[in-house]
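Report on one structure; see the data block that follows.
Since the structure is predicted, the reported quantities are computational estimates derived from the model, not experimental observations.
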Amino acid sequence: MESSALSRPIISPLSIRSTPILRHRPVSALRSTPLPSAAALSFIVRPLSPNPLRLRPVKRCHSPIRASSSPSSAALNPAASPSASPPQPTQGAKPVPFAISVAIGLAVRFLVPRPVDVTPQAWQLLAIFLSTIAGLVLSPLSVGAWAFIGLTASIITKTLTFSAAFEAFTNEVIWLIVISFFFARGFVKTGLGDRIATYFVKWLGRSTLGLSYGLTISEAFIAPAMPSTTARAGGVFLPIIKSLSLQSGSKPGDQSAGKLGSYLIMSQLQSAGNSSALFLTAAAQNLLCLKLAEELGVRISSPWVSWFKAASLPAIVSLLATPLILYKLFPPQVKDTPDAPALATKKLEQMGPVTTNEWVMVVTMVLAVSLWVFGDALGIPSVVAAMLGLSILLLLGVLNWDDCLSEKSAWDTLAWFAVLVGMAGQLTNLGIVTWMSNCVAKLLQSFSLSWPAALCVLQASYFLIHYLFASQTGHVGALYSAFLAMHLAAGVPGVLAALALAYNTNLFGALTHYSSGQAAVYYGAGYVELPDIFRLGFIVALINALMWGVVGTFWWKFLRLY
């Protein structure tokens, strides 16, 4: 998912098979880049095995994804090496971020005058919520730990009862997000995602631009059944990109990075947001957006189909345009890759025929996606369809319960995300969101803005505020309800406002190196410099806004969303 707390490393099946496409330099050549925030990254990608020939070349390995005790594992994981420095003891909260986060809540509670329209309970909960959000940005502790402290504060101060504070832990959407992590692990463990992407490299990879289109289209193809952008980046596409780049002599942290790797990394990062926006089930935050919209009275019938219809034209236009635009703005030094299809063909031969576990994964995800599409007509909620799919994977041995237990990012998301959603829901119930939206609506009315102008102003504000966030789901939990309420108060049609905010939630995932889990994964590969991330992130964001704005305006009018 899209961004979540720190998880154990994932080893892609691509990195454990013998194939010419994976032959590359020793891992010592790779640059070690510290990640910006634990909240931004749900997976850490290990470098590819420097000697894959030690493993079986043909027989597929489908053991649970875990660190190996082999010598090559020690090379991949410096922390496991005896020569590595021992882990530092936990020091608790960072004093300065902790002080600032708490001070923000105390200032709101005791220094800012409480509006007459707001109850003392609601104002106190707002103070705790703002302190919690500040902590998510400043990171005095890990995301889950800080969220738990905020939840505890709301109970100790008797702002919320225990049952009210933990009410969101039974939220269907949150459990759907948790199960999506398990589906993503299944794609990586079986090697199905790797196989699909390799086919697209074979079909379209004769040039660098074609190679980029192959990777981009394959992610859009996988996305609806693999609802975690971070898992797609770390478990499928980054290993393939690194293998192709190293094969072409493009090494991270080196002048040769610009030959191929820098462009492929940047193109895949900037295209991923459009893939996630295309399907409701392509990213966990999409499901949360519609759930929060429903709490504000905006209900979308046949949500999977409605989402896809509204997103289809602008998302496809942007998907097709992004690799070409970056090819002009950030051109690779290598323009042709004639060996890539042959290498991909050899790679597929090494993989052998599709395994039983891969077929089970395919059938299960087709079933799950079908139930997500037609679930409303059949009376089957989305979370029940996901539970059925996971049960099939467990019964047939594609996943085991240890796989689920070891998916730390899923359980961590359940903990901290439920806290944010619960607080946001209680703020809505206590009238804070309504009060804030009315204030903004009056301000917009004072400028005599029409609802289309108000839509543009609010959407731009929602988008640019993400520079302060290291999590897409955290951004949604903190601000989606408030901004949707502001749209409604300004007279923007409800369904249009809800969908536009949700689409933006995916598009701002490539603004910076910390703006999403996949951004941190791709930046951590060492192929792209930080100034390029910020520069191109902002430029492509403007281009995406233009394409979605122009194409979407006509398309959404045709669909009668306004």
Side-chain angles (χ1 to χ4, degrees), residues 1-2 10 12-14 42-43 45 65 177 179-205 211-241 243-244 264 267-287 304 307-308 311-312 315-316 318-320 322-323 344 347-348 351 354-355 357-370 372-373 386 389-390 393 398-399 506 509 516-518 521-522:
M1 185 171 81
E2 317 10 11
I10 275 190
S12 169
L14 194 68
S42 35
F43 303 97
V45 182
I65 301 172
I177 292 170
I179 295 174
S180 74
F181 280 96
F182 303 148
F183 285 159
R185 177 166 284 261
F187 266 87
V188 175
K189 181 180 177 181
T190 62
L192 178 60
D194 184 17
R195 184 184 293 273
I196 293 172
T198 305
Y199 267 113
F200 278 95
V201 171
K202 174 184 175 181
W203 295 331
L204 300 174
L211 192 59
S212 177
Y213 274 112
L215 294 170
T216 297
I217 295 171
S218 64
E219 178 161 10
F221 186 82
I222 295 171
M226 192 175 184
S228 171
T229 52
T230 308
R232 296 198 299 266
V236 177
F237 292 101
L238 180 59
I240 292 176
I241 291 172
S243 299
L244 292 169
L264 290 181
S267 177
Q268 200 67 18
L269 170 60
Q270 296 297 335
S271 300
N274 289 295
S275 298
S276 298
L278 183 56
F279 303 99
L280 176 61
T281 51
Q285 64 265 15
N286 297 346
L287 302 159
W304 202 98
W307 177 289
F308 176 74
S312 57
I316 291 172
S318 292
L319 272 174
L320 295 177
T322 298
K347 169 66 178 166
L348 291 169
M351 287 181 178
V354 180
T355 64
N357 281 352
E358 286 179 278
W359 280 119
V360 172
M361 196 73 205
V362 168
V363 173
T364 301
M365 294 316 302
V366 168
L367 174 62
V369 172
S370 299
W372 287 334
V373 174
L390 178 60
L393 297 180
V398 176
L399 292 174
N506 294 286
S516 63
Q518 68 269 22
V521 166
Y522 285 129

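- Looking at Tyr213, its side chain never comes within 3.5 Å of a backbone N or O of Pro323 through a donor-acceptor pair.
- Panel note: side chain Lys189, backbone Val398; a donor-acceptor pair is recorded below 3.5 Å.
- Counting only distance, with no hydrogens or angles, the side chain of Arg232 and the backbone of Met226 share a donor-acceptor pair below 3.5 Å.
- Within the structure, no pair that satisfies the salt bridge (charged side-chain N to carboxylate O under 4.0 Å, His left out) test touches residues 268-279, not counting sequence neighbours.
- Judged by distance alone, with hydrogens and angles left aside, the side-chain atoms of Ser218 form no donor-acceptor pair with the main-chain N or O of Ala197 at under 3.5 Å.
- Partners of Ala386 under the side chain to side chain contact (heavy atoms under 4.5 Å, CB included) rule, at least two apart in sequence or in another chain, are Leu176, Ile179, Phe183, Trp372.
- Going from atom OH of Tyr199 over to atom CG of Asp194 covers 11.5 Å, rounded to the nearest 0.5 Å.
- Ring-plane geometry between Phe308 and Phe279 is classed as parallel, the angle between the planes falling under 30 degrees on a 0 to 90 degree scale with a further cut at 60.
- Formation of a donor-acceptor pair under 3.5 Å by the Glu219 side chain with backbone atoms of Thr216 is not found in this model.
- Checked by atom type and distance alone, the side chain of Arg185 never pairs as donor or acceptor with a backbone atom of Ala231 at under 3.5 Å.
- Side-chain atoms of Asn274 never come within 3.5 Å of backbone atoms of Ile316 as a donor-acceptor pair (strictly under, hydrogens ignored).
- A search for side chain to side chain donor-acceptor pair (under 3.5 Å) contacts involving Trp304 returns Thr281, not counting sequence neighbours.
- At least one donor-acceptor pair under 3.5 Å links the side chain of Gln268 to the backbone N or O of Leu215.
- Atom CG of Leu269 sits about 10.5 Å away from atom OG1 of Thr322, to the nearest 0.5 Å.
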